[in-house]
Protein chains: 2
Amino acid sequence: MAQSNGRRTSRRDIYLRLRQLVLTLELAPGAALSENELAASLGVSRTPVRESLILLAQEGLVQVFPKIGSFVSRVDAAQVADAQFLREAVELASLEDLPERLDPEIVEELRDNLERQRRAGPDREEFFTLDELFHRDLMRLSGHGNSWAAVAAAKGHLDRARRLGLHGHESPAVFADQHHEILAAITDGDTPGARARMRDHLRAVFNDIERIRARSPELFASDPATVPVRRSVVVWE
Amino acid sequence: MAQSNGRRTSRRDIYLRLRQLVLTLELAPGAALSENELAASLGVSRTPVRESLILLAQEGLVQVFPKIGSFVSRVDAAQVADAQFLREAVELASLEDLPERLDPEIVEELRDNLERQRRAGPDREEFFTLDELFHRDLMRLSGHGNSWAAVAAAKGHLDRARRLGLHGHESPAVFADQHHEILAAITDGDTPGARARMRDHLRAVFNDIERIRARSPELFASDPATVPVRRSVVVWE
DNA sequence: CGTGCAGAGCTTGTATACAAGCATCTGTCG
DNA sequence: CGACAGATGCTTGTATACAAGCTCTGCACG
């Protein structure tokens with residue numbers, strides 16, 4: 001998932017930082033990004049900023065229009081649905097490959113994680129981090145931890161849509177309960193039950209999105225080739 | 001899947017060209033890539049070459065070691081297995097979403113494709129192109145054509161391993177027959193049958209790889225942090 | 001003959017300069 | 001007052017210069 005090996009480079013820092021800002025919606029969908037502004041703001045030259053934007057563009061999180069400008073891509077309903085399909089397919093298939101004997105270390109991690117999810121309280125961002133780790137660790141149980149990276153790379157649009165959902169009234173506690181039930185079914189060796197609960201959970205997350213879209217249409221891309229507006233300035237720090 | 005919009009840029013050309021060379025094994029796994037050499041060879045400056053390599057690195061097809069060098073990544077058995085799992089999960093799940101009434105246009109395309117697979121003869125590269133299109137069109141049948149891009153992005157290592165396999169004695173005709181059976185089951189409305197044949201097909205492809213690995217271990221990464229050797233020069237044109 | 005050290009020649013990372021093109025603003029004309 | 005045209009300032013794409021660091025060669029020395 002990482003693009004570089006070991007060494008700390010400013011490009012890597014900036015890439016991760018910008019990515020985080022986009023995924024957490026601190027950089028709003030549709031916001032204009034200027035390589036020059038970002039470079040000045042971050043105290044580096046255009047080069048590492050530009051290379052970071054290129055990577056984000058490949059992930060679909062940013063759109064770069066040559067000679068026009070770069071923009072945080074609007075949440076694309078089609079891409080959200082694609083990511084949902086991909087995620088569901090992979091996570092459900094992963095459950096089929098659970099070993100007879102679960103790695104007790106990972107199970108312990110999952111239980112700790114669940115406990116922290118319960119205590120997370122109103123901090124949505126913390127819950128999201130835990131949620132991400134939970135699903136990744138579930139895949140590690142069946143030896144497919146690395147495949148999570150491919151899912152994670154493709155689900156940027158889905159994550160942003162989910163954050164829009166959680167900014168609303170839906171409580172993380174509901175999801176934490178669903179997580180608990182999934183893990184319980186797994187440790188009981190009830191694979192079909194785990195599948196069913198996992199599917200219900202993922203679809204519950206997904207079903208919120210249409211509701212959000214009705215409420216905040218400006219954050220979604222209506223047209224694939226939506227017109228970018230340069231002048232909307234970014235104030236992100 | 002593409003990283004840029006519309007406009008033709010030399011980066012896009014170079015990226016696609018290098019990617020093709022890596023996937024077709026014309027650039028051998030482990031080969032050293034020099035930004036300067038490539039730039040001179042392609043008649044451009046380092047910038048577009050470098051940016052292309054960064055993208056390929058993010059896909060896992062190239063490894064960039066700062067201040068040391070860039071190398072075509074060796075085929076990683078673990079990544080091949082990951083891609084296989086991902087692909088199987090997604091393609092099988094896609095079959096579950098087949099509509100009652102199949103799009104006749106896509107079915108026609110698939111039949112044409114099969115016919116051309118039969119006629120492909122000894123040209124492995126042509127067969128690979130057709131194979132790729134066949135699987136993508138199958139996913140289009142259930143409306144998940146776009147998700148194919150995510151799979152395609154993750155299966156670079158798998159594709160290279162498959163090419164190593166087809167360079168051996170395995171005949172494309174066997175795979176063409178399997179493709180035919182899959183499509184037949186789909187058009188018969190026999191989803192379970194299609195699933196079974198699809199799984200057998202994908203695993204048949206996968207099972208060749210271990211055999212190849214025994215025969216050509218130097219193309220595979222033994223250690224995750226394999227030592228790169230700079231001096232192995234590339235002669236690719 | 002083996003070993004160690006130093007320098008040269010690569011490598012990629014970053015900064016900067018220039019090129020080409022789109023969007024917007026301003027001034028002018030109808 | 002409205003519409004059109006040109007200049008201006010912004011954008012990204014590409015080329016080039018410099019910086020920092022690793023590898024390897026060649027030579028001196030034990």
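Note on naming: letters A, B, ... go to the chains in the order of the sequence lines (proteins, then strands), and numbering restarts at 1 for each one. Given the structure is predicted, the values throughout are model-derived calculations rather than measurements.
For B:E51, the salt bridge (charged side-chain N to carboxylate O under 4.0 Å, His left out) partners are A:R50, B:R11, not counting sequence neighbours. Applying the ring-ring contact (aromatic ring centres under 6.0 Å, His included) rule to B:F134 yields the partners B:H179; only residues at least two apart in sequence or on another chain are considered. Contacts of B:N36 classified as side-chain hydrogen bond (donor to acceptor under 3.5 Å, both in side chains), with partners at least two apart in sequence or in another chain: none. With sequence neighbours excluded, the residues satisfying ring-ring contact (aromatic ring centres under 6.0 Å, His included) with B:F85 are A:H144. A search for salt bridge (charged side-chain N to carboxylate O under 4.0 Å, His left out) contacts involving A:E88 returns A:R203, not counting sequence neighbours. Residues passing the side chain to side chain contact (heavy atoms under 4.5 Å, CB included) test with B:E109 are B:D137, B:R140, sequence neighbours excluded.
Over its full length, the helix from C:dC1-D:dG30 to C:dG30-D:dC1 turns its helical axis through 10°, comparing axes from the five pairs at each end and rounding to 10°.
Among residues at least two apart or in separate chains, salt bridge (charged side-chain N to carboxylate O under 4.0 Å, His left out) pairs with a member in residues 143-158 of chain B are B:E132-B:K155, B:K155-B:D159.
Of the candidates D:dT12, C:dG13, C:dT11, the closest approach to any side-chain atom of A:S70 belongs to D:dT12. When each of D:dT23, C:dA20, C:dT12 is scored by its nearest atom to the side-chain atoms of B:I68, the top-ranked nucleotide is D:dT23.
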Detail all sub-3.5 Å separations between protein N/O atoms and N/O atoms belonging to nucleotides 14-16 of chain D.
residue	atom	partner	partner atom	Å
D:dT14	OP1	B:S10	N	2.7
D:dT14	OP1	B:S10	OG	2.7
D:dA15	OP2	B:S45	N	2.7
D:dA15	OP2	B:S45	OG	2.7
D:dA15	O5'	B:S45	OG	3.4
D:dA15	N7	B:T47	OG1	2.7

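One can place NZ of A:K67 at 13 Å from P of C:dA23, the figure rounded to the nearest angstrom.
Remark: the B:R160 side chain and the B:S73 side chain contain an N/O donor-acceptor pair separated by less than 3.5 Å.
Not one side-chain nitrogen or oxygen of B:N36 sits closer than 4.0 Å to the OP1 or OP2 atom of C:dC10.
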